[in-house]
Amino acid sequence: MSKGPELIITEKDNAARRIADILSGESAESDRVNGVNVYKWGGKRCIGLSGHVVGVDFPPEYNDWRDVEPVELIDAPIDKHPTQENIVAALRRLSRHASRVVIATDYDREGELIGKEAYELVREVNEDVPVDRVRFSSITDREVTEAFENPDELDFDLAAAGEARQIVDLVWGAALTRFLSLSARQLGDDFISVGRVQGPTLKLIVDREREIDAFDPEDYWELFADLQKDSTEEPSADPRADESARDEESFEAQYFYLDEDGNEAERVWDGEAAEEAYETLRNVETATVTSVRRRTRTDDPPAPFNTTQFIRAAGSLGYSAQRAMSIAEDLYTAGYMTYPRTDNTVYPEDLDPRELLDEFTANRTFGEDAQTLLEQEEIEPTAGDEETTDHPPIHPTGELPSRADLTEDEWEVYELVVRRFFATVAESAKWEHLRVVADAGGLSLKANGKRLVKAGYHEVYPYFNSSESFVPDVEEGEALAVTDTEMEAKQTQPPRRYGQSRLIETMEQMGIGTKATRHDVIQKLYDRNYIESDPPRPTRLARAVVEASEEFAELIVSEEMTAQLEADMQAIARGEATLDDVTEESREILEDVFEGLMESGEEVGKHLQKSLKADKTVGTCPESDHDLVIRKSRRGSYFIGCDGYPDCTYTLPLPSTGKPLIMDEECEEHGLSHIKMLAGRKTFVHGCPLCKAEEADEEEDLVIGACPECGEGAASETPRDGDGEAVEGEHGGELAIKRLRSGSRLVGCTRYPDCDYSLPLPRRGDIEVTDEECEEHDLPKIRITYGDSDREPWDLGCPICNYREYQAEQVDGSELESVKGIGEKTAEKLKAAGVEDVPSLKEAEPDALADLMDGVGPDTVRKWQSAAD
DNA sequence: GCAAGGTC
């Protein structure tokens with residue numbers, strides 16, 4: 001037996017470092033083995049994994065989708081193999097001579113499985129070493145020390161529960177995904193996927209869209225009256241004061257009646273009845289107060305952040321789920337906040353709110369609020385319903401960044417996290433509600449006022465709406481003047497689409513996905529062309545996938561599958577069922593699914609193909625009977641082409657920026673769908689592509705001067721090529737303002753394509769050629785106006801000077817190269833794609849940007865974005 | 001190349 005060091009294994013590097021610090025009393029030193037961090041002190045080593053370091057998959061002979069019938073995957077063997085070679089190698093090296101191994105992975109089911117995977121790797125190289133398991137729910141001195149003093153054993157049943165999930169997910173996901181993809185002949189990057197979590201998520205979106213489609217709006221009317229309290233008691237000397245006093249005493253009330261069930265209703269469904277009521281209301285001069293009700297309401301501060309609620313709050317600040325998590329992850333890695341992936345909404349016992357608040361008292365931004373909170377006699381943090389063992393709720397650590405350490409976005413998210421913590425230890429707010437009902441000519445009017453009498457947590461947490469609505473103090477029997485009346489014609493609205501955070505919340509309620517994956521699932525739906533735009537809308541393909549699944553494999557789009565699996569996993573964890581029981585039964589169900597599916601394979605395939613085409617179809621070709629579809633050129637740019645190609649070669653260009661989205665709106669003249677170009681914050685509506693092309697054809701070029709490359713005054717020594725043709729020098733080329741068929745505008749040479757000199761012009765606004773001239777370039781100055789809008793005109797000036805300034809700004813684009821993974825060439829490409837600096841890189845929509853760049857996928861873009869933070 | 005779950 002060797003007397004080697006003791007090895008501690010955690011789930012991630014960050015946890016390894018912190019546990020080493022705690023156990024060593026901060027004396028641990030960091031070393032690298034195989035490029036992996038290892039913390040050493042005394043006779044101990046601590047290494048962090050990166051989640052699962054081994055993966056489950058079918059053996060390589062099952063890799064060819066065409067060679068293997070999807071149904072064969074159901075009973076195919078499943079292998080486990082290292083996916084993080086360097087970490088696995090380091091783990092092997094360290095465990096070979098270890099005298100003891102302690103598994104300290106996260107305290108949840110997946111953590112138990114990751115621990116078991118590590119255990120098996122250890123066993124491969126060291127048969128006898130004792131292996132213990134420690135469990136703690138937050139990495140604090142007390143919890144960690146206690147856990148290591150009372151080591152336990154690995155729970156193999158719990159790990160097996162996790163393994164069963166891996167197998168069921170792989171078998172169902174792979175077999176069905178391959179089947180659908182093969183049936184629709186989609187084998188490239190655009191395969192058609194389904195899975196236990198993405199399936200029901202997609203169905204959620206599609207179902208909502210079905211409701212919207214089926215929605216039949218109904219007309220109704222609402223009546224309002226402005227009421228005014230009589231405030232003529234003491235007229236003041238200043239008439240303006242009277243004016244404002246009157247404003248203060250005036251408020252809006254709404255007409256209501258009691259419906260058949262005796263409930264208050266505001267909507268009048270009958271037009272004539274509304275008209276009649278309005279007639280009455282218009283003719284009354286006063287309303288008499290019939291009831292006044294006051295009550296105070298306590299408004300408790302929110303619970304601590306779990307992942308879902310954090311994403312929701314960040315969403316209301318304008319961050320996508322993906323982006324919010326990416327920022328949170330960076331703040332976590334930098335040590336400013338706790339682990340962002342957690343279900344827990346109850347602070348651990350050893351979080352001392354006073355101690356943590358203390359850390360903020362000296363801070364410029366938070367000091368005052370922290371101080372105020374500390375002055376409370378008692379501090380009792382709020383708690384949510386969910387208390388789990390995995391990680392504490394998201395809260396700031398005692399380590400504070402300075403504002404300069406963070407980007408603007410990071411700071412905004414950090415402040416949100418800090419203020420949420422503040423809110424959870426702040427006092428409740430108090431509202432005073434005042435409800436007034438008045439009678440106007442037999443019609444009931446009501447007004448609800450609310451006043452914040454104690455701001456409480458709103459003082460430190462400004463993200464919730466705390467606006468008041470004013471209703472003056474009135475008394476029963478008091479007469480109020482009716483100063484204005486209004487009848488509004490309205491229509492019932494279809495249900496709203498799910499936004500990203502609503503989607504994540506609903507997934508959580510349905511019990512599908514996990515805190516760490518829900519936002520990724522949504523991203524996956526975008527990547528698979530199932531949803532587009534934000535809030536997400538389902539494509540035709542998505543509808544077809546859901547329809548096909550509903551008919552033949554209902555379970556894969558149902559939340560029931562997760563519920564059943566969850567129950568099975570619990571049975572395994574309790575030792576009441578085995579992994580084999582569960583996976584066998586699941587395979588049998590899938591066999592049945594395949595029986596129906598294989599009979600109708602062709603039909604399913606056709607349906608999917610039709611939908612795929614519909615997603616790309618803009619309308620009918622004006623020159624042939626075929627469809628016009630969006631295509632991608634070999635250079636990676638989008639255009640519209642005839643589906644009858646090569647018999648019909650009709651095409652229409654599209655703008656070079658962004659990814660085209662087919663809108664519902666259709667051009668009345670041409671019957672083509674309008675196009676929107678998705679390009680992050682540069683997103684714009686292109687409109688009907690044929691209208692754009694015709695506008696360009698009709699608009700004459702407007703000559704504004706000589707071309708500096710080939711026009712009058714250009715280099716007079718004219719070099720000639722072999723044929724005696726001039727390649728440079730004067731050719732009489734002129735500069736003109738042009739409108740291209742793709743919709744963009746520019747200043748270009750009239751000799752195009754022989755001379756391709758050009759200067760950019762903005763896409764929006766009216767171009768005005770002024771009388772002023774640029775002395776340097778002999779060109780008129782240009783001004784952009786914005787029609788009726790409030791926007792100030794833009795004096796763009798001489799187009800050459802303007803372009804020079806623009807380019808000078810772009811030189812700063814070398815800033816892009818400071819981002820890990822971006823070199824000179826990539827920075828060039830990025831600039832060509834319209835991404836000039838780090839902020840715009842971070843705001844870019846990964847899909848749209850990837851589409852603009854050869855050889856770059858959306859995942860790469862996301863990597864840059866997180867590296868740029 | 002398929003899933004979902006860890007992690008970066």
Side-chain angles (χ1 to χ4, degrees), chain A residues 10-16 36-37 48-58 60 62-68 70 72-74 76 78 83-84 86-87 105-106 108-118 159 161-182 186-201 325-334 339-341 390-391 507 512-521 523-525 527-528 556 561-562 565-566 569 586 590 820-821 857 859 862-867 869:
Chain A
T10 70
E11 190 155 322
K12 42 192 169 278
D13 174 60
N14 215 303
V36 181
N37 287 339
L49 307 175
S50 183
H52 291 286
V53 291
V54 294
V56 291
D57 211 345
F58 301 109
Y62 288 84
N63 280 355
D64 193 323
W65 290 32
R66 271 163 301 218
D67 260 11
V68 182
E72 289 178 54
L73 293 178
I74 301 178
I78 292 176
T83 49
Q84 306 265 14
N86 54 336
I87 298 179
T105 46
D106 290 356
D108 55 18
R109 184 171 57 220
E110 217 59 27
E112 209 66 22
L113 176 53
I114 291 165
K116 190 211 159 195
E117 288 161 359
E163 279 183 294
R165 179 201 56 71
Q166 288 184 319
I167 293 166
V168 169
D169 281 342
L170 175 64
V171 172
W172 279 75
L176 288 172
T177 294
R178 284 198 198 179
F179 184 90
L180 293 181
S181 304
L182 281 161
Q186 288 285 301
L187 293 189
D189 295 332
D190 290 330
F191 57 86
I192 297 170
S193 70
V194 281
R196 175 178 56 84
V197 176
Q198 54 173 289
T201 308
M325 283 309 283
S326 153
I327 293 175
E329 227 169 270
D330 292 341
L331 291 170
Y332 155 71
T333 318
Y339 195 62
R341 295 185 270 263
D390 56 354
H391 296 279
M507 290 170 77
I512 56 173
T514 72
K515 69 230 170 190
T517 58
R518 289 184 196 112
H519 63 278
D520 288 332
V521 170
Q523 188 54 53
K524 186 171 277 179
L525 298 182
D527 293 346
R528 298 281 192 269
I556 206 68
M561 183 164 175
T562 298
L565 184 61
E566 194 62 43
M569 282 195 287
S586 174
L590 186 56
K820 197 180 151 202
D859 282 337
R862 277 189 279 276
K863 251 179 226 164
W864 293 335
Q865 289 178 329
S866 54
D869 287 330

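Owing to the predicted nature of the structure, the values given are computational and were not obtained by experimental measurement. Order of the sequence lines sets the chain letters (A, B, ...), proteins ahead of strands, with each chain counted from 1. All values below come from the heavy atoms of this structure, side chains included, with hydrogens, waters and symmetry mates left out.
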Just to be sure I understand the rule, does [X] reach a base, reach only the sugar-phosphate, or reach nothing, if contact means heavy atoms closer than 4.0 Å?
{"X": "A/Trp172", "answer": "nothing"}
{"X": "A/Glu11", "answer": "sugar-phosphate"}
{"X": "A/Asp189", "answer": "nothing"}
{"X": "A/Arg518", "answer": "nothing"}
{"X": "A/Val56", "answer": "base"}

To the nearest Å, give me how far apart [atom1] ([X]) and [atom2] ([N]) are.
{"X": "A/Leu590", "N": "B/dC2", "atom1": "CG", "atom2": "P", "result": "19 Å"}
{"X": "A/Ile556", "N": "B/dC2", "atom1": "CD1", "atom2": "P", "result": "16 Å"}
{"X": "A/Glu110", "N": "B/dT7", "atom1": "CD", "atom2": "P", "result": "9 Å"}
{"X": "A/Lys12", "N": "B/dG5", "atom1": "NZ", "atom2": "P", "result": "16 Å"}
{"X": "A/Glu163", "N": "B/dA4", "atom1": "CD", "atom2": "P", "result": "19 Å"}
{"X": "A/Asp13", "N": "B/dG6", "atom1": "CG", "atom2": "C1'", "result": "15 Å"}
{"X": "A/Glu117", "N": "B/dT7", "atom1": "CD", "atom2": "C1'", "result": "12 Å"}
{"X": "A/Asp390", "N": "B/dT7", "atom1": "CG", "atom2": "C1'", "result": "15 Å"}

TODO: Examine the side chains of A/Thr105 and A/Glu112 and answer whether a donor and an acceptor come within less than 3.5 Å of each other.
DONE: no
Counting heavy atoms from C-beta on, name the nucleotide in [options] closest to the side chain of [X].
{"X": "A/Arg196", "options": "B/dT7, B/dG5, B/dA3", "answer": "B/dG5"}
{"X": "A/Asp106", "options": "B/dC2, B/dG5, B/dT7", "answer": "B/dT7"}
{"X": "A/Ala516", "options": "B/dC2, B/dG6, B/dA4", "answer": "B/dG6"}
{"X": "A/Lys515", "options": "B/dG5, B/dG6, B/dA3", "answer": "B/dG6"}
{"X": "A/Thr514", "options": "B/dC2, B/dA3, B/dG6", "answer": "B/dG6"}
{"X": "A/Thr177", "options": "B/dG6, B/dT7, B/dA3", "answer": "B/dA3"}
{"X": "A/Arg178", "options": "B/dC2, B/dT7, B/dG6", "answer": "B/dC2"}
{"X": "A/Gln84", "options": "B/dA4, B/dG6, B/dA3", "answer": "B/dG6"}
{"X": "A/Thr517", "options": "B/dG6, B/dC2, B/dT7", "answer": "B/dG6"}

Task: Distance (rounded to the nearest 0.5 Å) between A/Asp106 CG and A/Thr10 OG1 - done: 8.5 Å
Donor-acceptor contact present, side-chain [X] to main-chain [Y], <3.5 Å:
{"X": "A/Arg196", "Y": "A/Asp169", "value": "no"}
{"X": "A/Ser181", "Y": "A/Arg178", "value": "no"}
{"X": "A/Thr177", "Y": "A/Val194", "value": "yes"}

Kindly say if [X] contacts the phosphate of [N], meaning a side-chain N or O under 4.0 Å from OP1 or OP2.
{"X": "A/Arg109", "N": "B/dA4", "result": "no"}
{"X": "A/Gln166", "N": "B/dA3", "result": "no"}
{"X": "A/Arg341", "N": "B/dG6", "result": "no"}
{"X": "A/Ser193", "N": "B/dA3", "result": "yes"}

- [ ] Hey, which sits more toward the 5' end of DNA chain B by its nearest nucleotide, A/Tyr339 or A/Asp64?
- [x] A/Asp64
TODO: With DNA chain B as reference, determine whether A/Gly513 or A/Ala175 sits nearer its 5' end, using the nearest nucleotide of each.
DONE: A/Ala175
Task: Option passing salt bridge (charged side-chain N to carboxylate O under 4.0 Å, His left out) with A/Glu110 (candidates A/Arg165, A/Arg341, A/Lys515, A/Lys116) - done: A/Arg165
Open item on the list: Assess the residue pair A/Asp520 and A/Met325 against the criterion (side chain to side chain contact (heavy atoms under 4.5 Å, CB included)); give the C-alpha distance rounded to whole Å, side-chain angles, the decisive distance to 0.1 Å, and a yes or no.
Closed with: CA-CA 10 Å; A/Asp520 288 332; A/Met325 283 309 283; over 6 Å; no
